[in-house]
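First the proteins, then the strands, lettered A, B, ... as listed; each starts at 1. Atoms considered below: every heavy atom in the structure, side chains included; atoms not considered: hydrogens, waters and symmetry mates.
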Number of protein chains: 2
Amino acid sequence: MPTIKDVAKLAGVSTATVSRVLNGENVKEENRRRVEEAVKRLNYSTNTLARALKTNKTMTVGVIVPDLSNVFFTTIAKGIEKALHPYGYSIMVCDSDESIEGEREKIAFLKDKFVDGIIIIPVGDQQLYLKRLQDDGTPIVLVDRLIEDIQADAILVDNINGAYDAVEHLIVNGHRRIGLISGPQHIFVGKERLIGYERAYTDYQLSIDPKIIRYGDLHIESGYKLMNELLDLPSPPTAIFAANYYMSIGAIMAANERHINIPEELSFIGFDDMELTRVIKPPLTVVVQPMDKMGQAAAELIYKRMMGDNSGPFPTILRLKTQLIKRESVKKIN
Amino acid sequence: MPTIKDVAKLAGVSTATVSRVLNGENVKEENRRRVEEAVKRLNYSTNTLARALKTNKTMTVGVIVPDLSNVFFTTIAKGIEKALHPYGYSIMVCDSDESIEGEREKIAFLKDKFVDGIIIIPVGDQQLYLKRLQDDGTPIVLVDRLIEDIQADAILVDNINGAYDAVEHLIVNGHRRIGLISGPQHIFVGKERLIGYERAYTDYQLSIDPKIIRYGDLHIESGYKLMNELLDLPSPPTAIFAANYYMSIGAIMAANERHINIPEELSFIGFDDMELTRVIKPPLTVVVQPMDKMGQAAAELIYKRMMGDNSGPFPTILRLKTQLIKRESVKKIN
DNA sequence: TTGTACGCGTTATCAC
DNA sequence: GTGATAACGCGTACAA
């Protein structure tokens with residue numbers, strides 16, 4: 001590998017001049033030409049490690065997601081990538097494996113790699129490590145979920161109104177017993193979507209039956225299990241709202257197995273619009289999160305912070321709107 | 001940030017001694033104790049950038065996948081991560097965006113980051129950049145697909161026999177007109193699975209009707225489109241074999257829309273066992289690839305190479321077996 | 001066993 | 001505009 005010294009020697013100038021040419025500073029035209037010539041001849045490219053050691057900038061942003069095999073998360077990561085690329089920044093995607101410990105480990109790893117910023121979809125409601133990093137001046141942007149004990153910029157989804165819209169749609173269609181397959185209450189979005197559910201009930205002056213609210217862990221299996229529990233109730237719901245994508249899948253699977261006809265016998269609203277919701281028969285009515293936009297917004301925000309732009313409020317918390325896409329899984333009842 | 005000098009000063013020894021302690025070499029017990037004490041007091045950790053600059057080892061492996069929002073790929077990436085972690089290696093996951101150009105860019109990026117090895121699911125059938133890296137001594141492991149003009153270790157799936165098993169199963173169940181929703185022929189697995197299809201037909205002395213072989217681009221939409229084309233044929237197939245996961249989804253979606261009953265009116269075998277195949281009614285018979293094992297095998301192989309172990313043949317090409325999981329989407333016909 | 005001094009490749013700071 | 005050189009933080013001959 002040729003170094004800047006080799007280039008300097010070949011071009012007959014000092015390394016400083018080469019560095020200046022490389023960084024687009026003012027250099028005599030003649031020297032610039034010779035340096036560029038030498039760079040080409042030697043096929044030289046700057047050693048990013050050495051540069052980073054000196055400048056404390058790696059031009060890299062760390063992205064931590066809870067699960068790399070979850071499309072929702074990776075789609076967001078992809079959105080971040082796409083938005084950061086034009087700025088010359090690259091990302092390192094890590095998997096926290098849905099655990100605080102894994103998260104801690106990945107944060108340490110990214111810190112080790114001297115990333116210039118971290119975008120994270122956190123798994124718990126606290127993370128001391130993050131706070132420490134933040135105090136050291138590394139910009140942090142939270143996505144999808146908030147952490148209680150930390151003041152950080154965040155890109156969120158308006159979960160409350162997202163869930164509200166779904167439940168309201170069911171109520172307007174005559175449903176009074178709406179089963180909720182909820183996320184866990186220690187996770188931010190789980191809490192919020194439950195609030196949306198409750199608020200819709202309250203606004204329509206209906207009373208809530210806690211027995212038809214069930215808490216899962218966001219995975220297929222728990223959607224499957226909770227759907228079965230709800231359908232086994234002496235007086236089962238006439239409609240179900242599943243509060244995330246994978247639990248929606250599990251729930252549908254359970255309904256299928258029991259040969260329950262949607263929407264004839266049971267109305268259903270799911271969450272997120274990915275492969276499944278397009279292939280299911282009937283097409284599912286769903287609450288859709290703008291995953292691309294989430295990634296993009298996170299990227300823009302962290303870029304701004306990395307540039308040292310601290311204008312605007314701190315923390316800046318963006319709430320992106322969801323969309324209720326009405327298809328054929330909801331039936332109007334008396 | 002404390003440096004090794006700070007530690008040396010506090011411990012009253014030289015930086016060399018500190019370095020030795022850090023790297024577990026022989027040091028007088030007393031000094032070791034004092035150094036460890038100082039490390040703890042200062043909360044020191046070695047600067048990986050500086051170390052990498054000196055040693056030319058970053059303890060990082062680059063992983064390039066064609067699409068970060070494709071579960072098949074990210075599941076493999078996750079498997080790699082899990083297997084490499086115990087060795088102290090971390091991974092950088094990149095998205096080549098299904099393009100040669102994107103791939104080239106990511107390879108350059110990883111080279112810039114001085115990764116110690118690259119595991120890649122390639123998108124085309126050539127890649128000069130890779131060859132160059134390999135010539136520079138960076139271990140490369142191909143996953144899922146081979147590249148024609150390169151000699152490299154690879155972890156593949158026995159696509160030929162995987163497809164063969166599926167088609168054979170349909171033939172044994174009386175089907176003679178088996179529609180194939182194939183991948184593109186410029187992609188390795190597309191070619192191989194077609195061969196498996198053809199071989200099964202040949203072995204059973206049946207003649208192939210090229211009209212019921214259709215070529216898609218591996219995405220949902222093309223599965224959907226090709227399924228419709230096949231069903232619109234004057235004499236449509238009695239069974240369909242879709243040669244990847246997303247095209248399977250699209251195909252099923254098309255069948256659903258046309259209210260075609262599987263397996264009563266049409267038998268179906270899909271590829272890979274992920275969310276969809278578990279939720280579809282009826283449960284789908286599928287050819288399953290061992291994604292976890294693929295990731296793990298790739299990790300083990302590249303680790304071996306990074307350790308300088310060149311035993312075994314070069315290139316080492318592993319063929320992992322697929323499994324035909326028989327469920328309820330195939331009907332025996334006369 | 002330990003310490004010194006230098007190298008890694010780049011950038012920043014100064015004189016010129 | 002340019003060149004020499006210190007500095008970044010670590011690893012490692014080499015001498016002690």
Trainee: If you compare every side-chain N and O of S14(A) against the phosphate oxygens of dG3(D) (OP1, OP2), does one of them come in below 4.0 Å?
Mentor: yes
Trainee: For D6(A) and dG9(C), give me the distance from atom CG to atom P, rounded to whole Å.
Mentor: 8 Å
Trainee: From CG of L22(A) over to C1' of dG9(C), roughly how many Å is that when rounded to an integer?
Mentor: 12 Å
Trainee: Below 3.5 Å, does any donor atom in the side chain of K54(B) face an acceptor in the base of dG9(D), or the other way round?
Mentor: no
Trainee: dT2(C) P sits how many Å from K28(B) NZ, rounded?
Mentor: 6 Å
Trainee: Can you tell which of dG11(D), dT11(C), dT2(D) lies closest to the side chain of T17(A)?
Mentor: dT2(D)
Trainee: Between C1' on dC10(D) and CD on E25(B), what's the gap in Å once rounded to a whole number?
Mentor: 13 Å
Trainee: Could you check if a side-chain atom of H85(B) sits within less than 4.5 angstrom of a side-chain atom of D97(A), using non-hydrogen atoms only?
Mentor: no
Trainee: Please determine, for the side chain of Y44(A), which listed nucleotide (dT10(C), dC10(D), dT4(C)) has the closest atom?
Mentor: dT10(C)
Trainee: Within the 4.0 Å heavy-atom criterion, would you say N56(A) contacts the bases, only the backbone, or no part of the nucleic acid?
Mentor: nothing
Trainee: Counting neighbours of CZ on R41(A) that are heavy atoms of other residues, nucleotides or ligands and sit closer than 6.0 Å, is the number greater than 12?
Mentor: no
Trainee: Can you check the N47(B) CG to dG9(D) P distance for me, whole Å?
Mentor: 7 Å
Trainee: Output yes when at least one side-chain N/O atom of S19(B) is less than 4.0 Å from OP1 or OP2 of dG11(D), else no.
Mentor: yes
Trainee: Could you tell me the separation between the CD1 atom of I4(B) and the P atom of dT12(D), rounded to a whole number of Å?
Mentor: 11 Å
Trainee: Going by heavy atoms in the side chains, are I76(B) and F72(B) under 4.5 Å from each other?
Mentor: yes
Trainee: Between dG3(D) and R20(A), counting only base atoms on the nucleotide and side-chain atoms on the residue, is there a donor-acceptor pair under 3.5 Å?
Mentor: yes
Trainee: Is it true that K106(B) and E81(A) have a side-chain N and a carboxylate O under 4.0 angstrom from each other?
Mentor: yes
Trainee: Name the closest nucleotide to the V27(B) side chain, picking from dT10(C), dG3(C), dT2(C).
Mentor: dT2(C)
Trainee: In this structure, how many angstroms lie between the P atom of dT10(C) and the CG atom of L53(A), rounded?
Mentor: 12 Å
